[in-house]
Amino acid sequence: MVAEDWEAYSAYERLERGRKAKAAKGGYVGYGSPAFGQQSINGKLVDNPQERQVIELIRRHHKSGKSLQQIANWLNEHGYCTKRGQQWKRISVKRVLDRFYGKTPRVSGMSKNRT
């Protein structure tokens with residue numbers, strides 16, 4: 001049984017190293033849906049133009065001083081949906097802004113290189 005556990009652990013480690021290497025090169029490693037504003041095409045993350053427009057709206061409203069909840073309400077009132085077709089909530093808006101301003105790493109366990 002110990003040998004089986006070791007084999008599973010080794011496979012896990014190999015897969016995890018491969019995912020991290022692919023993410024470091026800009027590839028999509030498949031941890032759920034790509035971030036809002038991106039989509040996966042043939043294993044590569046590329047910009048989603050429609051979602052990028054929504055991100056720009058969120059950024060402009062945030063810069064004008066609106067709260068996260070006010071931005072979510074505005075998006076919902078104007079018919080915008082999240083990537084999964086849900087209504088916007090303030091936490092969804094916060095996550096988009098955090099990614100936009102570089103406060104959230106794309107893959108857990110990976111740190112950003114700061115220069």
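Not measured: the values here are computed from a predicted model.
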Below 4.5 Å, heavy atoms only, C-beta onward: do [X] and [Y] meet side chain to side chain?
X: V93; Y: F36; result: no
X: R59; Y: Y101; result: yes
X: I58; Y: F100; result: no
X: L57; Y: Y80; result: yes
X: T82; Y: L75; result: no

Nearest-0.5 Å distance that lies between atom [atom1] in [X] and atom [atom2] in [Y]:
X: S92; Y: I71; atom1: OG; atom2: CD1; answer: 12.0 Å
X: L45; Y: Q39; atom1: CG; atom2: CD; answer: 9.5 Å
X: S67; Y: N73; atom1: OG; atom2: CG; answer: 7.5 Å

Distance-only polar pair, side chains of N48 and Q38, donor-acceptor under 3.5 Å: no
Salt-bridge criterion met for E56 and R60 (N-O under 4.0 Å): yes
Q69 atom CD, neighbour heavy-atom count above 12 within 6.0 Å: yes
Where at least one partner belongs to residues 71-93, residue pairs that pass salt bridge (Lys or Arg N to Asp or Glu O under 4.0 Å), sequence neighbours excluded: E51-K83
Any donor-acceptor N/O pair, H78 side chain to W74 backbone, under 3.5 Å: yes
Test side chain to side chain contact (heavy atoms under 4.5 Å, CB included) applied to L68 and W88, step by step: CA-CA 10 Å; L68 299 175; W88 286 90; over 6 Å; no
Closest approach of S40 to P34 (non-hydrogen atoms, all atoms of both residues): N-CG, 3.9 Å
